[in-house]
Amino acid sequence: MNSEEMKELEELIEFLKENKIGEFDLERGDLKVRIKFAQENPVAPDLAALAKIIASQPQAMPAPSVLPEVYAHSAAAASPAPTPAVSAAPAEADSDANLHVVKSPIVGTFYESPSPGSAPFVKIGDQVEIGQILCIIEAMKLMNDIECDAAGEIVKRFVQNGQPVEYGQSLFAVRPR
Amino acid sequence: MNSEEMKELEELIEFLKENKIGEFDLERGDLKVRIKFAQENPVAPDLAALAKIIASQPQAMPAPSVLPEVYAHSAAAASPAPTPAVSAAPAEADSDANLHVVKSPIVGTFYESPSPGSAPFVKIGDQVEIGQILCIIEAMKLMNDIECDAAGEIVKRFVQNGQPVEYGQSLFAVRPR
Amino acid sequence: MFRKVLIANRGEIALRVICACKELGIRTVAVYSEADRHALHVRFADEAICIGPPRSADSYLNVPAVISAAEIADVDAIHPGYGLLSENANFAEVCRASNIKFIGPPPEVTRLMGEKEKARQAMKRARVPILPGSEGVIQSEDDALEWAKSIGYPVILKASAGGGGRGMRVVRTPEELPSLYQAAHTEAANAFGNGDLYMEKFIERPRHIEFQVLADQHGNVMSVGERECSIQRRHQKLIEEAPSLQVTQKMRDEIARTLKRSLENVGYQNAGTVEFLMDEDGKLYFIEMNTRIQVEHPVTEMVTGLDLVKAQIRIACEAKLSDIVTQPIQIRGHSIECRVNAEHPEKFTPSAGKITAFNVPGGNGVRVDTAQYAEGVVPPYYDSLIAKLITHGKDREEAMQRMKRALEMFVVEGIHTTVPLHRRIFDDEEFRAGQFDTKFMERFFERQKAM
Amino acid sequence: MFRKVLIANRGEIALRVICACKELGIRTVAVYSEADRHALHVRFADEAICIGPPRSADSYLNVPAVISAAEIADVDAIHPGYGLLSENANFAEVCRASNIKFIGPPPEVTRLMGEKEKARQAMKRARVPILPGSEGVIQSEDDALEWAKSIGYPVILKASAGGGGRGMRVVRTPEELPSLYQAAHTEAANAFGNGDLYMEKFIERPRHIEFQVLADQHGNVMSVGERECSIQRRHQKLIEEAPSLQVTQKMRDEIARTLKRSLENVGYQNAGTVEFLMDEDGKLYFIEMNTRIQVEHPVTEMVTGLDLVKAQIRIACEAKLSDIVTQPIQIRGHSIECRVNAEHPEKFTPSAGKITAFNVPGGNGVRVDTAQYAEGVVPPYYDSLIAKLITHGKDREEAMQRMKRALEMFVVEGIHTTVPLHRRIFDDEEFRAGQFDTKFMERFFERQKAM
């Protein structure tokens, strides 16, 4: 196996583990598939893995986690317009696995251009280089330049000009060269 | 596998999980399918079934039930000798599926013989008939004859003379003829 | 003190009694039906005995089974909780015959209070105000006019043989009495083959107010304050409070004196609750007495600092009231209780099943009495009450705000509960103003429909 | 009242503050680290903002991140809880500069109280009793004898440059002073290159007793009673009570007067706690002041009926103390708190991980402050406190019995907790008798080993 294949295999194994598949066969010539789910908790999962699972896919948990319901209830119960103004965003992106997502390293307000009315630093379709300024995040009256950490094409912007962003929130998606 | 195939696989697995499929085979050439449902709750279980499941195999529940732990804690925490004096017995028997178990229809005190010092109604190895008296359960000073509800050989007695028994507690095992 | 007590009940009240026993250092014996094998009252008791199949009649209401369990577990006393066998005088008698202390009043008193008309007369003799009415059947229109005059308008005419509203008329003035009398008489005669009518004072918008009493076995009776229980749906209480905003300290003291006299007369013992209707002018009329601990006892505990269940047990153990209530009763702050039922919050259909998530609120001024838990099962055989959410605050406003936030934080998944209904009631202006009566829920549902 | 408040904290205290805000009708903004995305303070706040990675230094202690969050959420005020940024005067200053109200004392006061020697002198000037000691360095054996005479035996000699017990000697009589003085001097000189010594009164078996105070922004200060916090392990409090059995009403009133005077002098504002050591004769000596809400504030709430966190918020909103505490403080009953930590109950190693079962006790007189739940995760990055179990009873005996039964009913699975340790402490005779001091846990562990 070459390293490329090794990587694919790794991903496949990760995927099967995540989905609690116990056995999996596949043939190509005229396709044969065989899937057998694991018996439940073959080994006690470690904390980090668990946290990841909880964070990424609560609905796939073997037992219904209290979390999503609590959240739903809180929203349902609260005062007239309880929609979290700021939260919610961070998990939404990352759908296309090939894209690199630039995330906000700080809490603050997102600005697309160096000053009001001037042209944005970047727009969809631009080719960007590592270190190129993509936007400004204002925090405590300080303007923080946010640099690109991958070279490639800007394919998506997740936030609006003037929008508040939290730590780790997705800002841009870059298709790496 | 390429990412396209990976995605298809993902969808398939999602579908299988949703339908609680435990095993799934497929061939294409002339199509063969094999589907085996998961062991857990193939259909939404009704309450009675649930109660039975909980009672008989808490460790096999999909999520760790709070029950056994609560129980353990209660026992661990309490005063010097907190062992339930009366409880505990009912679930212990029934190991041999071929045996018929005679259970106590009432709460009371078990007596093996019609009067102190006299011979027991039955002993291990005896052949018994339907309607034959097996023992007495005393409740509120009343002596209740407990009749056998199966014909066969007495192979086990679960309780001691003079022991308190609860409703549904196993008294005798009979190997039916 | 008792060495060992059997709790002849299930659910939150069984757990409540177990808590009281544990705090008094008494060993506990739970009894349970096959449906409750994994219930918390079974887990937390020192011993547990299965007494029958799921149906109450075959288990929790099965007197021989309960007594047998008490005998084989060798207990000193039985606490009946509320409902089930708690007001069954025969059960109390069997306990007595079996030399097991029944934690409640003697069977004679339970029996007296169980017969409504006898209870009414007993209270009347002790000068407890009762709802004024005609003594026996009304003979004629003139007779009716006279009774109505002495009772005071409005009055209600009811068919002696009747029920279901037929032969019933509300009369507001002497002018309309004759025609309404005739109509009711004819209707009753047609419906029941008997036209006899009697008359009672009619209260348009009654409040339901009840007084908690404690009585020891040495002849001492004490009232420990009232509860406001007007928020009811089909005579089922939903929300209770203490104190009542309508009861002044003067009224409280007056009723306390009256109840002390009347209940010492009848030889009352242990805890009990005397229920009154309050008319629009704030006057109280005796309806009936409940000879047991009530579901809503916690609101009284929150404002008085008493432990009523422990008091019951100590009384049954011969303790004197003066050793249980050592300081004058002082009402501190305000307390509200919401009954959380396993019911659809709009259709009120029972919702049995497995609870998948159960997160109870906590923090300052919040009390939860429940025997449920995550992964617990609500069986379809019993009462739908699964939890009591109780808050306490320095005043009614704070208690209500606490309840609102506690209801927001109360998470039950897997079954329906009345939590969403309670949330809406606590947003209702009429409720918040405290200006309600026993017809509140009807008006509330109308308002909800209109929204 | 504030429209919106940001809570710059996590865990139970963040949820506690959220509850207080909800009850006051204030919108809440939670901040959280990546490790706390599924924490309950995030769920129950109206808004939530992720402010950084798991490490506290990068998130909860990251002043620019917290302030930015406050700015983008447009809040009126920040509640810092306890720990983290709560006693950081610089943070309070940045809040002020950013036009956000910091719910706590002004930074100048926090800074003064943060410098122990300055705080001591300020309190001394206001005639608050402080631990007697030599003023500055002791010059000679004779000097030492004189100081010891004026302080009263036993005294303790300490190295000015010191720490870790070196250069430290307890002196019980004048006879043994000279040799112990020389020994300490030599040891200090060898260890620190500086033989300077100072002297303090030595308390063999001190109790840790603290007084809760409230101060409004109009110059009014009030003490609302004391807490007994002597049950500590390595200076970490495990169990707290209110009131202290050692404090008479006379002492309480005296200290209240002294604290009123001294804290009005320093311009104290908001909630605070003044810590004292109590010697074997019941005399109190000031140690330090904590300028924030304390972990153990609930025991004071239980016996006074106050809501201290709401009081903090209302004070920060310019409310007058006389509008917050409307009646004279009256201590009712007794309250105890157990800190339930995610730690091994014998080895005290932290126990992070996923909680698989979480059943909190309820019922009469039981309060639980927690942000944990079944399926919740205890991250390894923060304080190990996962719940506070608080009971209230008519007296210490009832509060203890409640705690015993509540501890029995407190189920946490998946991680280790200190619940079993607390169960053993509540069975300990010395603890139950209330005859303990800050060395209690050492003796307790010895007894446990012997068993």
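Note that this is a predicted model, so its numbers are computed, not measured. Each chain gets a letter, A, B and so on, in the order the sequences are listed, and its residues count up from 1.
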**Q.** Proximity breakdown for C:Val66 and chain B, heavy-atom pairs closer than 4.5 Å
**A.**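 No part of C:Val66 comes within 4.5 Å of chain B.
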Q: Side chain from CB out, backbone as N, CA, C, O: work out which of these in C:Pro54 comes under 4.5 Å of a heavy atom of chain B, or both, or neither.
A: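 For C:Pro54, neither part sits under 4.5 Å from chain B.
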**Q.** C:Cys50 and B:Gln169, any side-chain heavy atoms less than 4.5 Å apart
**A.**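 Not in contact.
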Q) What residues of residues 118-125 of chain B sit under 4.5 Å from chain C when you count only heavy atoms? A)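 Counting heavy atoms that sit under 4.5 Å from chain C, no residue of residues 118-125 of chain B is involved.
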Please work out whether the ring planes of [X] and [Y] are parallel, tilted or perpendicular, with thresholds of 30° and 60°.
X        : Y        : value
C:Phe102 : C:Phe91  : perpendicular
C:Tyr382 : C:Tyr60  : perpendicular
C:Phe358 : C:Phe410 : perpendicular

**Q.** Basic-acidic side-chain contact under 4.0 Å: C:Arg16, C:Asp307
**A.**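 Looking at C:Asp307 together with C:Arg16, the answer is yes, because their closest N to O distance falls below 4.0 Å.
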Q) Between C:Arg367 and C:Glu12, does at least one N-O distance fall below 4.0 Å, as a salt bridge requires? A)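 C:Glu12 and C:Arg367: not salt-bridged.
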**Q.** For chain B, the option from C:Ser68, C:Ala69, C:Ser98, C:Pro64 that forms the most heavy-atom pairs under 4.5 Å
**A.**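 Looking at each option in turn, the highest pair count goes to C:Ser68.
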Q.
Quick check for you: among C:Ala70, C:Gly52, C:Ala97, which has the greatest number of heavy-atom pairs under 4.5 Å with chain B?
A.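 Result: the option with the highest number of such pairs is C:Gly52.
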Q. Can you find a side-chain donor-acceptor pair between C:Ser59 and B:Tyr167 that sits under 3.5 Å?
A.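 No.
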Q. So, does C:Asn359 use its side chain to make a donor-acceptor pair with the main chain of C:Val411 at under 3.5 Å?
A.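 It does not hold such a pair.
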